[in-house]
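Below: one structure, written as structure tokens.
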Amino acid sequence: MKRIYPAVLVAAFLIAGCATAPVVKDSGEVKKVEPVAEVKKEPVKVVTTVYYPVKETSLYADGSVDEYTVYTYDEKGEKLLKKELFDSDNVLQEREEYEYTGDLPMVKKFFDKNGDLQNYHTYKYDGAGNIVADTTYNSKDEVQSQSKYSWDGNKKVKWSVFDASGALFGTTEYIYEGDLNTKIVNKNSAGEEEEFFVIEYNESGLPVKNTEFSADSTVRGSRTFEYKDGLLVLEKVLRSNGSVKRKIVYSNDEAGNPLEIIYTDSADNVQERIKKEYKSRKVVSYVTE
Amino acid sequence: MKNKKLTAFIFMVTALFLTSSVYANEVSAVWERLYNKAQSLSQKYNIMVNIVEQHDRDMIPVLEKALDEQVSAMENQRTITDQLKSDSFTKLVVKELGRLKDREAAPLIWDVVDNSDDPFVKGEAIIALGRVGAKDYSNKLNLMLRNINMNYGNIQDQRKNEIVAYALVMALEKLKSPDSYSPLFFAANGWYSRKSGVKEKASKALLTIVDDPADQLIGIIKDSKDFGLKLAGLEAGVISRASEENKARLAVTALDQGLINSPQSVVQKQQLKSLRVRALEVLEENGAKPESATPLMKSMLIKYQTERLVDEDEMVQLFETAGTYHSDAVGTILSEFLAYLTDRKESGGTVSFRISKSVVIAMGNNGSKVCFEELTRAQYSDSWENSIKREAKNAVQKLNK
């Protein structure tokens, strides 16, 4: 039995199949390949476990509940259908509902505690299933804002935000070194740089530091990430002078899912505890070696 | 198709964990910049909806800035439409600061409480103060709730006051200050309509706000002029997490109040009787048996003998309670009372059969040897009914065990 993380899933799906082709020598001579008996390899059955959150509880420092969110999926646990936020008295406060076309969420609606629609998003995707447009509407179906995304394969390279009239507010460009997103640049509507972020990675390809710079390259602040056994366990938000502004501590289960996330201030006073609960489902696939 | 399915799943997972993702940084920076550029309130509101959706602590500076602007603009004269928009915007920001538990925003949030005339805006800000843990403001909130509890305002403001009171109860429940117990108690027993939910919510808050509210409740039971509230104080103590000893202390205080106060009406007479009976029930059920209850029991017996101020139901309850006390002091007052009954019986006076039987059973349960003489006298007295004699004999047997 294997467990699977989204990143692994991405990697697995990025592996393309091989095609056969005649061997061409440097001289241009084509060597005739003698027919040989093809050895067919049997596909190997791989069972993976996919975890998905079903409940997230926000608690105060003393352990009393502030609010909690319940996630509802379809029968197979593949599509998130609904998120409901309840207060500590189990009274519904907000609801999000997702509508799908095929496997892709196309609409996300926000309702208040009375069940009245507050606003909604519509999503558009490219042929590979990457999101290319996210439009926010109010309850009167009037556009409030729109985000558009550009992709290079599975790498997001640009995010543009437009206002209700369709005027460009600003853009964000994602710059990569290999597969790693190492720099993010925010630009205003005139194309001028406003701020940028430099992301540093460890040898395993996990981000260890994200530093925010102003357009004149002054450090505004940074965020560091610490891992244990490949899992994020500590996140620090640092001021521009390097002092800690707040910390986020993660406790993970054996499968690598964060079970508890603790937010503290600079003096380590707990501001909030988030507890997460998960369900899992088995995904069977066949891999030909 | 399979690729699409996978992308959809990744999209969902990414969205779910967006708040803790490394990539939230550039997102918060973009929305913050966009907010700063927005001119009209409508533009700001549209952007703020997106900011709130992120539910990200990186957004706190822009949320605080937005609220600061709102507070500054509150005094400006605006049209009703603008006011409604502004109120919606303020509620949106205040609620999110509360959800993010941003303690540093407390002074700004208090400014909204202080300056807003809209009960929903004021209420949202009050709730947010509770969620951010603004303990420094609990006294101010206590005072607000105390004033609303008194219901001195115009009757047409009652609905508004109920909205604010409900928010105050929610906030004080979260702030857990012992000083909030009293205003919450009076809210739980106040004028509020059932529909408002204030009383129900406050009653629930009383159970969690302090572990042992005995000291607060003793003050309420002693000081309240309303006898009904004295009983409510006792009941609140009974269902609280107070220790057995403190629950017994509350019952003794309530019993004392039930005896030292004089009713001015039939209603008050019934209220004081209920207070005494309930206090005795609590002392009967409670494992702690404070000696301070003994003189009060004696006082009840004297009131019965002299003025019949205590009725038969109360007397029966008194003996059931006294029977759970195993002290000589209680045995003595029971013996004295049985002596009074036997004397009265032997002199041809009428006595209550129910009371007589109850005191004899209580003496047996009390078990003190000081009861022996009067029980034996009753057992062999020609004046008593046979059933009383039998009970006296049983009681004596209990004393001899």
Side-chain angles (χ1 to χ4, degrees), chain A residues 6 9-10 13 50 52-53 58 60-62 64 66-67 71 78-80 89 98 100 102-105 110 118-119 125 128-131 136 138 144-145 154 159 161 163-164 169-170 172 181 184 186 188 194-195 197 199 207 210 212 223 225 232 235 237 246 248 250 258 261 263 265 271-272, chain B residues 1-17 19-34 37-38 42-43 45-47 49-50 52-53 57-58 60 92 95 98-104 127 130-133 170 173-174 176 197 200-201 204 208:
Chain A
L9 270 172
V10 176
F13 276 82
V50 175
Y52 51 96
S58 167
Y60 292 102
D62 66 1
S64 57
D66 177 29
E67 61 183 21
Y71 300 85
E78 291 174 348
K79 293 178 188 170
L80 176 63
D89 291 331
Y98 294 79
Y100 288 75
D103 295 319
L104 297 169
F110 291 86
Q118 297 300 294
N119 60 70
Y125 303 86
N130 296 313
I131 185 167
T136 311
N138 65 14
Q144 303 299 292
S145 65
N154 70 325
W159 167 37
V161 183
D163 70 8
F169 258 145
T172 298
N181 174 210
I184 300 170
N186 282 345
N188 61 26
E194 291 277 356
E195 65 263 320
F197 302 86
I199 307 162
N210 185 338
E212 182 186 3
R223 193 179 278 242
F225 306 90
L232 182 63
E235 199 175 326
V237 179
R246 62 174 181 272
I248 308 159
Y250 298 84
I261 304 169
Y263 293 86
D265 61 16
Q271 293 178 313
E272 184 183 16
Chain B
M1 192 63 186
K2 199 166 188 178
N3 214 1
K4 276 187 179 178
K5 203 171 181 176
L6 174 76
T7 310
F9 176 73
I10 292 167
F11 173 78
M12 287 191 309
V13 171
T14 307
L16 293 174
F17 294 101
T19 53
S20 56
S21 162
V22 62
Y23 304 110
N25 260 3
E26 89 276 11
V27 176
S28 59
V30 165
W31 287 117
E32 180 172 354
R33 191 155 44 79
L34 297 183
K37 281 188 176 178
S42 293
Q43 278 182 322
Y45 187 90
N46 294 343
I47 294 165
V49 167
N50 285 283
V52 168
E53 265 183 43
R57 280 182 166 75
D58 285 351
I60 283 175
L92 186 70
K95 188 175 182 181
R99 287 194 68 200
L100 290 170
K101 300 173 182 63
D102 176 24
R103 207 166 295 172
E104 289 172 10
I127 292 167
R131 297 180 88 175
V132 304
M170 284 187 78
E173 183 182 23
K174 294 200 186 297
K176 291 188 168 59
E200 187 185 355
K201 183 75 181 160
K204 195 178 159 211
T208 58

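Chain letters run A, B, ... following the sequence lines, proteins first, then strands; residues in each count from 1.
When B:E173, B:K176, B:R99, B:K37 are compared by the number of non-hydrogen pairs under 4.5 Å with chain A, B:R99 comes out ahead. Considering only heavy-atom pairs separated by less than 4.5 Å from chain B, the leading option among A:N188, A:D89, A:D62 is A:D89.
Of the two parts of A:F197, only the side chain, counted from C-beta on, holds a non-hydrogen atom closer than 4.5 Å to a non-hydrogen atom of chain B. Heavy atoms closer than 4.5 Å to chain B are found nowhere in A:D265, neither backbone nor side chain. B:R131 touches chain A through backbone and side chain together, each having a heavy atom under 4.5 Å away. In this structure, the portion of B:V49 lying under 4.5 Å from any heavy atom of chain A is its side chain and not its backbone. Residue contact with chain B, scored on non-hydrogen atoms closer than 4.5 Å, involves the backbone and the side chain of A:N186 alike. Only the side chain of A:E195 comes within less than 4.5 Å of a heavy atom of chain B; its backbone N, CA, C and O stay farther away. Neither the backbone nor the side chain of A:N138 comes within less than 4.5 Å of any heavy atom in chain B.
Contact detail for A:W159 and B:V27: the closest heavy-atom pair is CZ3-CA, 3.8 Å.
In this structure, A:E212 CD and B:S28 OG are separated by 7.0 Å, a value rounded to the nearest 0.5 Å. B:L100 CG to A:Q271 CD: the interatomic distance, rounded to the nearest 0.5 Å, is 9.5 Å. To the nearest 0.5 Å, atoms CD1 (B:I47) and CG (A:D163) are separated by 8.0 Å.
Within a 6.0 Å radius of CD in A:E194, more than 12 heavy atoms belonging to other residues, nucleotides or ligands are found. Crowding of A:Q118 atom CD: a count of heavy atoms from other residues, nucleotides or ligands under 6.0 Å exceeding 12.
Classification of A:R223 and B:D58 as a salt-bridged pair holds, one side-chain N sitting under 4.0 Å from a carboxylate O.
Cation-pi geometry between B:K101 and A:Y60 is met: the NZ or CZ atom falls under 6.0 Å from the ring centre, inside 45° of the normal.
Looking at heavy atoms from C-beta onward, A:V161 lies in side-chain contact with B:L34 at the 4.5 angstrom threshold.
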- Task: Could you give me the CA-CA distance, side-chain angles and deciding distance for A:F110 and B:E53, then say whether side-chain contact (heavy atoms from CB on, under 4.5 Å) is met?
- Result: CA-CA 10 Å; A:F110 291 86; B:E53 265 183 43; 3.4 Å; yes

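A donor atom on one side chain and an acceptor atom on the other are found under 3.5 Å apart for A:S145 and B:N50.
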